[in-house]
Amino acid sequence: MNGRKHHLIVDTQGLLLGVKVLPANITDRAGSQQLLQELHQKQTQMKLHLFADGGYKGKWEAWVNITLGYSVESVQRPDANGIGSQQVRN
């Protein structure tokens, strides 16, 4: 698979805390774990509350909490229940 994935961590004002560029065959969860581990090693005193896409729910959230001690809040898109469906509003 060709290509790259860019993983970013920003604060609530959009300031860059970390970035990692990986081959596209690395999953989003694995890439984010690599980035978070590097950030944690460099900034051990920093306690983060992460906002993540709903796709990161479950084992990834538990890993972040147990391994790094960060809290995670999964944010669902308003149309997440009907992925691919379009809502028509009058």
Side-chain angles (χ1 to χ4, degrees):
M1 176 179 284
N2 293 329
R4 299 279 181 258
K5 286 187 182 178
H6 302 84
H7 301 273
L8 304 169
I9 298 177
V10 297
D11 68 9
T12 55
Q13 295 181 357
L15 298 174
L16 189 63
L17 298 176
V19 63
K20 186 138 187 97
V21 180
L22 295 168
N25 66 342
I26 304 294
T27 67
D28 290 342
R29 288 176 180 224
S32 64
Q33 286 176 328
Q34 288 182 32
L35 176 56
L36 285 169
Q37 282 179 316
E38 288 179 11
L39 180 64
H40 183 70
Q41 289 171 352
K42 292 177 185 174
Q43 300 290 334
T44 56
Q45 76 285 358
M46 190 174 357
K47 296 295 178 192
L48 298 178
H49 177 78
L50 303 173
F51 294 93
D53 181 85
Y56 289 90
K57 277 188 173 188
K59 291 180 182 179
W60 183 86
E61 285 179 312
W63 177 87
V64 169
N65 188 269
I66 293 166
T67 306
L68 305 175
Y70 299 157
S71 59
V72 179
E73 187 173 336
S74 293
V75 181
Q76 287 290 127
R77 290 186 350 215
D79 64 344
N81 290 335
I83 303 245
S85 66
Q86 296 180 351
Q87 296 178 348
V88 177
R89 296 185 180 180
N90 294 335

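Atom set for the values below is all heavy atoms of this structure, side chains included, hydrogens, waters and symmetry mates excluded. Everything numeric here is computed off the predicted structure, so don't read it as measured data.
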Colleague: So, do Asp28 and Asp53 sit near enough that their side-chain heavy atoms are less than 4.5 Å apart?
Modeller: no
Colleague: What's the spacing between Leu48 CG and Gln43 CD if we round to 0.5 Å?
Modeller: 9.5 Å
Colleague: Following the transitive rule for hydrophobic clusters with a side-chain heavy-atom cut-off under 4.5 Å over Ile, Leu, Val, Met, Phe, Trp and Tyr, establish whether Leu68 and Ile9 coincide in one cluster.
Modeller: yes
Colleague: Quick one: closest heavy-atom pair of Ser74 and Gly54, and the distance?
Modeller: CB-CA, 4.4 Å
Colleague: Same cluster or not: Leu22 versus Leu8, using hydrophobic residues (I, L, V, M, F, W, Y) connected whenever any side-chain heavy atoms lie under 4.5 Å apart?
Modeller: no
Colleague: Going only through I, L, V, M, F, W and Y residues with side-chain contacts under 4.5 Å, is there a path from Phe51 to Leu17?
Modeller: no
Colleague: Listed by chain and number, what are the side-chain contact (heavy atoms from CB on, under 4.5 Å) partners of Thr27, not counting sequence neighbours?
Modeller: Arg29, Ala30
Colleague: Quick check: do Arg4 and Pro23 have side-chain heavy atoms less than 4.5 Å from each other?
Modeller: yes
Colleague: If a pair satisfies side-chain hydrogen bond (donor to acceptor under 3.5 Å, both in side chains) and one of its residues is in residues 6-22, list it, with sequence neighbours excluded.
Modeller: Lys20-Glu38
Colleague: Taking the side chain as C-beta and beyond, is there a heavy-atom pair between Val72 and Asn65 under 4.5 Å?
Modeller: no
Colleague: Looking at Lys47, Glu61, His40, which one forms a side-chain hydrogen bond (donor to acceptor under 3.5 Å, both in side chains) with Tyr70?
Modeller: His40
Colleague: Scan Tyr56, Trp63, Trp60 and name whichever one has a side-chain hydrogen bond (donor to acceptor under 3.5 Å, both in side chains) with Ser32.
Modeller: Trp60
Colleague: Evaluate the side-chain proximity of Leu50 to Leu36: yes if any heavy-atom separation is below 4.5 Å, no if none is.
Modeller: yes
